[in-house]
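Taking it in order: structure first as structure tokens, then the write-up.
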Amino acid sequence: MTDSNAPRLFVHNASQLLNPFFRNSIPGGRLSLEVIRDGAALIEGDRILAIGPSAALRRDERLQGSISLDVSNCVVGPGFVDSHTHPVFASTRHEEYEMRIQGASYESIAAAGGGIRNSVRTLRAASELSLLARTRQHCHQFLAHGTTTIEAKSGYGLDLANELKILQVIDHLRNDPENSLEIIPTFLGAHEIPDEYRDRRGDYVDLVCDKMIPMVAARELAMFCDVFCEAGVFSVEESRRILKTAESHGLGMKLHADQLTHSGGTRLAVELGAASADHLEYIDDCDIALLASSSVVATLLPGASFHLGATKFAPARKLLEAGVTVALATDFNPGTSPTVNMQAILSIAGSSLRMTPEEAFAAATLGGARALRLDDRLGSLTPGKQADLVVYDVEDYRLIPYHYGMNHVRAVIKKGRIVFDHGSLA
Ligand code: NIG
Ligand code: FE
């Protein structure tokens, strides 16, 4: 059945149409990528009606009355689902970047009061309105680089009022008809111990569990809760308590796990049945096997290793070969990964994680959707799913990571509407 009132869009003549899928045809496990040559997609309203070779779709009677969009010589794929970002912050930290280039470590900068605590100081001093203006720009940049959905974390407030301020900025943008980027909010009050709680950290964990999580959940300001489980930040025991509290308030669970040391975060993610364990630079073989036996997605953020100048990257090949569902995300934040560009992440995933363009593209779309448990609606072009499509100015999708650091996006379609058009497509 078709809804005859909804506008229909016929995107056709794509040199390649990309559709990621789960190899075992059920959600979870390894991903693959179907590449349809001379491909087309028929969209009705905000949904995908059909995909296939252009010649075959041209015979579809539902084409009648549709608007034609000829994308000759272009690749078309699902929008990126960037499942791990920290987009609400008040200022950049380029001075710390320069210090790291000159030899300082991320940990030593953090221990001296910089790092996340630096961002907390500037965020607390910023008005909600100024944060909204800045984050709105970030949203536009995400879309312009082919990302149609992001997960967005709080975590630079670290007190009730400022964590709420961040989540309200996100909530405002979620409900703003001028913003087409879809945003999935995550509460990350447990991102760091704030300055005023350094000598009574237990009290901060109490505050997160007893005040922040109940308030955030009651106001429906978050869908997930995340914790930075790391030596010197939140222990496994503290992380377990925080995430179990979040779960009891109806939030999904995520973890920053094994990023700087083998902290035990991955094991905790499996124990709790979290949606994803993120980073995993220091995961070991035993925890890889644990992940493979679970439905926890491994979200890899190689932009963070790259920007930190680290030699240590997550063992992507081992994770893939063990059958773990791998997602790729930017980790967009002012400290370790200040980019919104998922195309650049595909390049780093290729060169430093040894993920093929096929693996990387699937991880950055359907993998990200799975990490948000939204794979029934997002992440691929399967008929019935939301019509979130990106048109790239290349004839072969492997050119996207190959020409690194560039923006190949020509147009973006979100929920069936053209929301970004760089090359006068319409
Ligand atoms: O994912 N590891 C914790 N959080 C961020 C960094 C945040 C920051 O430095 O501001 C990350 O890398
Ligand atoms: Fe992060």
Side-chain angles (χ1 to χ4, degrees), residues 82-100 104-124 134 138 150-158 162-163 166 184-195 224-234 239 242 253-263 265-266 269 274-283 297-310 312-314 327-340 342 345 348 368 371-372:
D82 190 346
S83 63
H84 182 137
T85 85
H86 310 244
V88 188
F89 51 86
S91 49
T92 55
R93 303 215 306 263
H94 51 279
E95 297 87 353
E96 292 182 0
Y97 178 56
E98 187 172 33
M99 285 162 70
R100 292 205 311 266
S105 69
Y106 180 75
E107 291 94 324
S108 69
I109 292 170
I116 294 169
R117 288 189 283 156
N118 176 354
S119 288
V120 170
R121 282 189 291 275
T122 56
L123 183 129
R124 286 179 177 179
R134 190 175 190 115
H138 296 159
I150 63 165
E151 179 259 20
K153 301 174 196 296
S154 66
Y156 293 122
L158 308 190
N162 284 291
E163 285 296 304
I166 299 172
I184 307 301
T186 292
F187 169 66
L188 178 59
H191 197 192
E192 176 58 290
I193 306 284
D195 290 348
F224 288 94
C225 179
D226 190 349
V227 177
F228 188 10
C229 180
E230 184 60 58
V233 193
F234 292 93
S239 305
I242 293 164
M253 296 173 283
K254 290 181 164 286
L255 272 158
H256 280 70
D258 299 317
Q259 178 183 7
L260 305 169
T261 60
H262 183 237
S263 61
T266 302
S276 68
D278 301 33
H279 277 291
L280 312 185
E281 284 82 349
Y282 283 84
I283 192 174
V297 172
T299 300
L300 307 186
L301 309 160
S305 297
F306 168 77
H307 197 261
L308 289 171
K312 187 90 172 161
F313 282 83
L328 281 169
T330 57
D331 196 14
F332 177 55
N333 76 76
T336 60
S337 191
T339 188
V340 296
M342 283 290 276
I345 300 302
I348 304 170
L372 298 173

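Predicted model only: the values in this text are computed from it and were never measured. For ligands, and for the atoms within them, numbers begin at 1 and follow the listed sequence.
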May I ask you to decide if [Y]'s main-chain N or O and [X]'s side chain share a donor-acceptor pair within less than 3.5 Å?
X: D82; Y: T330; value: yes
X: S263; Y: D258; value: yes
X: T266; Y: A257; value: no

Below 4.0 Å from ligand 1: does a non-hydrogen atom of E192 turn up there or not?
no
Heavy-atom nearest option to atom 9 (O) of ligand 1, drawn from Y106, F228, Y156
Y106
Name each donor-acceptor pair under 3.5 Å that joins a side chain in residues 106-116 to protein atoms two or more places apart or in another chain, with its distance.
unit_1: S108; atom_1: OG; unit_2: S105; atom_2: N; d: 3.2
unit_1: S108; atom_1: OG; unit_2: S105; atom_2: O; d: 3.0
unit_1: S108; atom_1: OG; unit_2: S105; atom_2: OG; d: 3.1

The answer for which part of E230 has a heavy atom under 4.0 Å from ligand 1 is neither
How close do E281 and S305 get, heavy atom to heavy atom, and via which atoms?
OE2-OG, 3.4 Å
Which heavy atom in D331 sits nearest to a heavy atom in A304, and how many Å separate them?
OD2-CB, 3.8 Å
Could you tell me which residues satisfy salt bridge (charged side-chain N to carboxylate O under 4.0 Å, His left out) with K153, sequence neighbours excluded, listed by chain and number?
E151, D226
Could you check [atom] against the protein and tell me its nearest heavy-atom contact, residue, atom and distance included?
atom: atom 12 (O) of ligand 1; answer: T336 OG1, 2.7 Å
atom: atom 4 (N) of ligand 1; answer: H191 NE2, 2.9 Å
atom: atom 11 (C) of ligand 1; answer: D331 OD2, 3.1 Å
atom: atom 2 (N) of ligand 1; answer: Q259 OE1, 2.6 Å

Could you tell me which residues satisfy ring-ring contact (aromatic ring centres under 6.0 Å, His included) with Y97, sequence neighbours excluded, listed by chain and number?
H307
Ligand 1 atoms nearer than 4.0 angstrom to some heavy atom of H86 are 1 (O), 4 (N), 5 (C)
If you count the atoms of ligand 1 from 1 in the order shown, which ones are under 4.0 Å from a heavy atom of I116?
7 (C), 8 (C), 9 (O), 10 (O)
Side-chain touch V88/S154, heavy atoms, less than 4.5 angstrom:
no
So H138 and R134, do their side chains get closer than 4.5 Å, heavy atoms only?
yes
Check for me: within less than 2.8 Å of the Fe ion (ligand 2), which protein N/O/S atoms show up?
H84 NE2, H86 NE2, H256 NE2, D331 OD1
Using distance alone, determine whether S119 and ligand 1 share an N or O pair under 3.5 Å.
no
Should the pair H191 and H256 be assigned to parallel (<30°), tilted (30 to 60°) or perpendicular (>60°) ring geometry?
tilted
